[in-house]
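A quick write-up on the structure given underneath.
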Amino acid sequence: MKIENLVKIILLILAFTINKNAMAQSKYESQIDALLAKMTLEEKVGQMNQYNGFWDVTGPLPENGDASLKYEHLKKGWVGSMLNVHGVEQVRELQKLVVEESRLGIPLLFGFDVIHGYKVQAPIPLAESASWDLDAIQKSASIAADEASAVGLNWTFAPMVDISRDARWGRVMEGGGEDPFLGSKIAEARIKGFQGTDLSAPNTIAACAKHFAAYGFAEAGKDYNTVDIGTNTLYNMVLPPFKAAVNADVKTFMNAFNIINGVPATGNSMLLQTILKEKWNFNGFVVSDWDSIGELAAHGFATDLENAAQLAVNAGSDMDMQATAYIKHLTNLVKLGKVDEAKIDDAVKRILRVKFELGLFDDPFKYCNPEREKTSLNHKDHHQGVLEMAKKSIVLLKNENNLLPLSKQQKNIVVIGDLADDKNSPLGSWRLASDDNTAISVLEGFNAYSTDYTFVQGPKVFDDNSDFLHHVTINSTDKTGISEAVEAAKNAEIVVMVLGEHGFMSGEGRSRTKLDLPGLQPELLKAVYEVNKNIVLVLMNGRPLTLTWEDEHIPAIVEAWQLGSQSGNAIAQVVFGDYNPSGKLPMSFPRSVGQLPLYYNHYSTGRPDKKPIVFWTHYADEKNSPVYPFGHGLSYTTFEYNDLSVKVGDSDVVDVTVTVTNTGNVAGEEVIQLYLRDHVASVVRPVKELKGFKKIMLEPKNSETLTFTLSTEELGFYNQDYNLVVEPGQFTVMVGGCSTNGLTKSFKIK
Ligand code: BGC
């Protein structure tokens, strides 16, 4: 090992030790210890028990969800947290019961899936990630926290920081996409947004990094499926956003449902104990996923619920969400000597720490102000905030001959598509507290710009009664409406087609094997194209789709995801040019499902180069490349990159400088992306990896020179011993507006 590397490792160990000491001296430790000393074993176990409320359900209904038993347990102080209880009145009722009637009156945590908003919905997280705008993402999470805290909640089960390379997996809509660097920055921004700078403030809530770990690597993109990955992928792709979450002081973690290399994540002491709690020194707590402790038996890891409780707690899962494994069995397991009481004490201290930090012991009703509940929900500033976020989330995929933006005087527009007047689907999945049909539809957005448009629905593709608990019914047979749409399109000057997935086609339990436009939409699009080629395709979807035909034929394509409450306004502002789009894809869009998993930061393989014979890394029937790569996104202006220079300084700090010019005629924002290749390493490195990005606004003909500083964090990687190392050798840096092209320069680290 090089001397410098040895020094770095020693420094890391030192930093780790200092950090650990700092944490042990947290200002609540003596209060936590004093409280713990008063608690009976049953009361301690009670803190580790989380029940679902009496109203919403976000998983399979438990057989033992008996309401009166829950009330009994609440009164005894045998419940540490409730999920899916929200609204000041309900929260106050249960908090009062516990605080006034249980022996020690330890307040409850109230957790809820505030994934992209509470009442006002921001874009789905994948869409927000397309903004690459960390301040905007942080602001969006703070809006969500403001509303959530106003209805009694003090804990969100977000952000989901699972990296995923497989668009078949429905939960890609909840995350930051395929890249660990971007994913880490977004994780950090969301946590800061939820938790603010003062967790005890009345408008901030505890965040939860989930799902630990590797849930996004479910085989074949099938939800809850097996995960089998090597340490290189685990350390360098999966773990970085979780590590970033700990660095951002996230208060809680959530287990994942999956097994990872044969061991369920919920019973995985290597993940929970060794990495999270010991190596990263995380001092918050780990909540299981919904019944994931109970599911240890279904996995074939535990014999029964009792054994599951034992395995989960010993592995480091601190709170049991809804499996009732802990409340039923932990006390006895301690008495039998199968679980050490010190393990219980550690879990309880972690849970109490978060309660103290939230300020619940000072005022358990601090989030229960009915006045605030009235004024915060649907506040106009929240709508303004999510509108800004929605505009930033839009990605202009294609714009041949500058068909977009449309002139505000544009005559004779025909808008086609079931989704164009849909006020529900754009709210997206995981919007449990939003009111149905409250999104601004595309038609409503267009009304502010043009009276000269007609709307023709075309075939009804999606069932209006679609909900969070069932699959969306899709019409693939009844073609009524296609001919009317074609007739209308014949005489139009511009056809705007609004197509995509229904908002409830992505999210949990919603994996797909086909990623084309569902139902009759491809047929409708092709039929319209036959009579009018001036098509602007506005897409609404919760994951990457296979848009090969669309990219070959349709001149203008706008990726509008599910943009939340202000969806239609954001889309209209982009289409009519009041907002210049600047989003960049956080996931690759494949040509076909057969390419999946598909990701830009793949390895070289031993046979990367095209050969005249078949023996190289490729498909017989498809290109290797995606239709739209990671980082892709156009603007109504153009940017030019010049003067890339690299300066390697002492102690492996590298400065990369580049000048970017707006060469078009309108002001615009650009995301400058820096990718790195480490050519030879003891663990092979991807052909490129994002290691820096900056988003800037440039007026026409203006330039800006930017410098990126790369150090160990960016130049290094985790080796087989899970140490962050920088190895000497040749690197290439690429800087540009997309993962597929940019200026390049090579340099050496000695
Ligand atoms: C999901 C979690 C969610 C939990 C509580 C589970 O089904 O996997 O992400 O936080 O339910 O609603």
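All heavy atoms count here, side chains included; hydrogens, waters and symmetry mates do not. Atoms within a ligand are numbered from 1 in the order they appear, just like the ligands themselves.
The shortest heavy-atom distance from Met254 to ligand 1 is under 4.0 Å. At a 4.0 Å cut-off, at least one heavy atom of Arg171 sits close enough to ligand 1 to count as contact. Residue Phe257 places a heavy atom less than 4.0 Å from ligand 1.
A side chain to side chain contact (heavy atoms under 4.5 Å, CB included) with Phe110 holds for exactly one of Leu94, Leu360, Leu83; it is Leu94.
The two residues Ala150 and Ser376 make their nearest non-hydrogen contact at CB-CB, 3.6 Å.
Residue His211 approaches ligand 1 through these ligand atoms, each under 4.0 Å from one of its heavy atoms: 2 (C), 8 (O), 9 (O). Heavy-atom proximity to Lys210, at under 4.0 Å, picks out these atoms of ligand 1: 2 (C), 3 (C), 9 (O), 10 (O). Listed by number with element, the atoms of ligand 1 under 4.0 angstrom from any heavy atom of Phe157 are 10 (O).
With a 6.0 Å radius and a threshold of 12 heavy atoms from other residues, nucleotides or ligands, Lys222 has its NZ atom at or below the threshold. Around NZ of Lys139, the count of heavy atoms belonging to other residues, nucleotides or ligands within 6.0 Å does not exceed 12.
The aromatic ring centroids of Phe112 and Phe157 lie 6.0 Å or more from each other. Aromatic rings from Tyr224 and Trp290 are positioned such that their centres are separated by 6.0 Å or more.
Taking any N or O of Asp113, backbone or side chain, at least one lies under 3.5 Å from an N or O belonging to ligand 1. Annotation: Asp289 places an N or O atom under 3.5 Å from an N or O atom of ligand 1; distance criterion only. Checked against a 3.5 angstrom limit, the closest N/O atoms of Glu508 and ligand 1 fall inside it.
When heavy-atom distances to ligand 1 are checked against a 4.0 Å cut-off, Leu83 comes that close only through its side chain, counted from C-beta outward.
Glu72 and Lys75 are joined by a salt bridge, as a carboxylate oxygen and a charged side-chain nitrogen come within less than 4.0 angstrom of each other.
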